[in-house]
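Whatever order the structure lists ligands and atoms in, that order sets their numbers, starting from 1. Predicted, not measured: the structure shown is a model, and the values here were computed from it. What you see below is based on every heavy atom in this structure, not just the backbone, and it leaves out hydrogens, waters and symmetry mates.
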Amino acid sequence: MVGLPARGKTHMARRVARYLRWLGVRTQVFNVGNYRRQVLGPRQPARFFDPDNADGRAARRRMALQALDDMLGWFASGGEVGIYDATNTTAARREMLAKRMRAHGLDVVFVESVCEDESVIESNIRQTKLHMPDYAGVDPDAAVRDFRARIAHYESAYEPVEESEGSYVRVIDVGRKVVAHRIQGYLPSRLVYFLMNLHVVPRSIWLTRHGQSTFNRENRVGGDPPLSEAGLGFAHSLAEHVRESGVRPRVWVSTLRRTQMTAEPLGLPFEEWRSLDEIDAGDCDAMTYGEIREQMPVDFEARRKDKLAYRYPRGESYLDVVRRLEPVIFELERERRPVLVIAHQAVLRALYAYLMDRPPSEVPYLPVPLHTLMKLTPITYACEEVRVELEPRLA
Ligand code: F6P
């Protein structure tokens, strides 16, 4: 990462890490500020960051090298993407880091965050920096003054990334403008595309399974069954709850009847996504779990042993579901209005894992009960969650 303090670098770093981890890429963020806070203590006055302060400069360099060593060690033990989160605002610092990284066989991409919009910087300072241990118990106005003095020190030595330094992405005003230079390969391209879609506008993302279906009642998987009586009752409760909340969300459903029947009483237009269809149970479609155990014991056992990677014969695995949900994730990131997703158990487990930053290994077991609305609100790095159980009510 490259950029002055309060340019949202840590936010971007963590969001990118969450996305890549969800895709199954071993990713870790190394935040140099955390090393400074841990080793030198959280309370360093602005003058510590003055480029003319030799002691401060040496201490900051030591922290930077320590984080770099840890990151290189982590790569040696199988890490795939390391995000080195620091200001890295001078060309000399970047050259020193990139040289060592390249010597270890790593490809380096600089992600530079530039903010020309003063209001974004002000809100970043007030919303995140003042809550850091650096300013615990300090008067907010004094803290803002100190932080601005810290920024000014960095500004005096700041050199934006140049083309001669190699691959970079420059993100200006949280995605208003994105410049990509010498971006090659799959992951760097995904990175640029992801950064183009990020925004920091607060809005809610609501997730729910469809109302109970006739198959749910019989413990049958897959198929395209209609809602049961209770399921229809849930659809009405959901509609009432959404109306009372005053929120008018975009509504996304799958191509399957049970999600569309759940959406109908809302009286809102809904968008159909094939990617939101339930995990394809292939040859097991429409069977009960009991029938699968009796008729296909080898498959039943294989799924029990590795539910994440197990692929139904002529169907899908959870890993397949995660991959096909990537466009949904991008659209969720891009969207600024509230969204209500009405989908299915396996699909919602995968979406929930992304939003709540849960590891892939947990995906197949995350609890996503019927008739429960999960209201997620993205905060800085993950989401706040409220679950509302809705009793089925007949119209
Ligand atoms: O049982 C309802 C259902 O949506 C099925 O259609 C689907 O196969 C299943 O849940 C997914 O859950 P699990 O992976 O735990 O079997």
Side-chain angles (χ1 to χ4, degrees), residues 22 24 206-235 238 251-263 270 272-325 328 340-356 358-374 387 389-390 392:
W22 181 74
W206 291 359
L207 308 176
T208 181
R209 288 173 69 183
H210 52 79
Q212 186 198 56
S213 71
T214 53
F215 272 26
N216 289 143
R217 226 175 26 202
E218 297 158 14
N219 232 356
R220 242 171 245 290
V221 303
D224 190 13
L227 294 186
S228 68
E229 234 1 56
L232 283 169
F234 168 72
L238 176 68
V251 180
W252 297 353
V253 297
S254 75
T255 66
L256 299 166
R257 269 201 293 178
R258 51 198 188 273
T259 61
Q260 304 193 3
M261 287 175 77
T262 306
F270 51 80
E272 222 182 77
W273 284 79
R274 181 85 204 241
S275 329
L276 286 176
D277 282 2
E278 183 52 309
I279 189 169
D280 181 352
D283 291 348
C284 298
D285 193 63
M287 292 169 81
T288 65
Y289 289 105
E291 287 164 353
I292 301 172
R293 192 177 52 231
E294 271 164 35
Q295 295 167 31
M296 304 172 74
V298 177
D299 276 274
F300 190 85
E301 187 52 21
R303 188 164 203 259
R304 200 189 57 76
K305 278 209 175 114
D306 188 357
K307 198 173 171 191
L308 179 65
Y310 169 83
R311 179 179 283 140
Y312 280 111
R314 284 190 279 188
E316 286 181 306
S317 67
Y318 268 90
L319 290 173
D320 295 329
V321 171
V322 166
R323 272 176 222 124
R324 76 159 139 94
L325 281 172
V328 178
L340 166 62
V341 182
I342 304 176
H344 307 266
Q345 177 155 246
V347 164
L348 291 174
R349 282 173 171 155
L351 287 181
Y352 180 91
Y354 171 75
L355 293 164
M356 301 301 285
R358 305 292 282 268
S361 58
E362 285 184 18
V363 171
Y365 309 100
L366 292 169
V368 178
L370 280 172
H371 302 178
T372 306
L373 178 62
M374 297 181 285
R387 287 190 178 211
E389 277 178 50
L390 294 169

May I ask you to identify the nearest protein heavy atom to [atom], giving residue, atom name and distance to one decimal place in Å?
atom: atom 15 (O) of ligand 1; value: K307 NZ, 2.7 Å
atom: atom 1 (O) of ligand 1; value: Y289 OH, 3.8 Å
atom: atom 12 (O) of ligand 1; value: Q345 NE2, 3.2 Å
atom: atom 8 (O) of ligand 1; value: V221 CB, 3.5 Å

Heavy atoms only, cut-off 4.0 Å: how does [X] contact ligand 1, side chain, backbone, both, or neither?
X: F215; answer: neither
X: N216; answer: side chain
X: E278; answer: side chain
X: R349; answer: side chain

**Prompt:** Side chains of R274 and R324: closer than 4.5 Å at any heavy-atom pair?
**Reply:**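 Sidechains of R324 and R274: no contact.
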**Asked** Does the side chain of V221 come within less than 4.5 Å of I279's, by heavy atoms?
**Response**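 The answer is no; the side chains never approach within 4.5 Å.
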Does [X] reach ligand 1 with a nitrogen or oxygen that is under 3.5 Å from one of the ligand's nitrogen or oxygen atoms?
X: H344; value: no
X: R220; value: no
X: R209; value: no

**Asked** Can a non-hydrogen atom of Y365 be found less than 4.0 Å from any atom of ligand 1?
**Response**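 No.
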**Asked** Is the closest heavy atom of G222 to ligand 1 under 4.0 Å?
**Response**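 Yes, that is the case, since the closest heavy atom of the residue is under 4.0 Å from the ligand.
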**Item:** CA sep, side-chain torsions, deciding dist, call: R258, E278, salt bridge (charged side-chain N to carboxylate O under 4.0 Å, His left out)
**Value:** CA-CA 11 Å; R258 51 198 188 273; E278 183 52 309; 5.5 Å; no
**Prompt:** What are the atoms of ligand 1, with element, lying closer than 4.0 Å to any heavy atom of R303?
**Reply:**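 Answer for ligand 1: 13 (P), 14 (O), 16 (O).
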**Aromatic ring pairing F234/H371, orientation class (parallel under 30°, perpendicular over 60°, tilted between)** =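 Answer is parallel, since the angle falls under 30°.
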Are any side-chain N or O atoms of [X] and backbone N or O atoms of [Y], one a donor and one an acceptor, separated by less than 3.5 Å?
X: T288; Y: N219; value: no
X: Q260; Y: S254; value: yes
X: E272; Y: T255; value: no
X: R209; Y: V368; value: yes
X: T372; Y: L370; value: yes

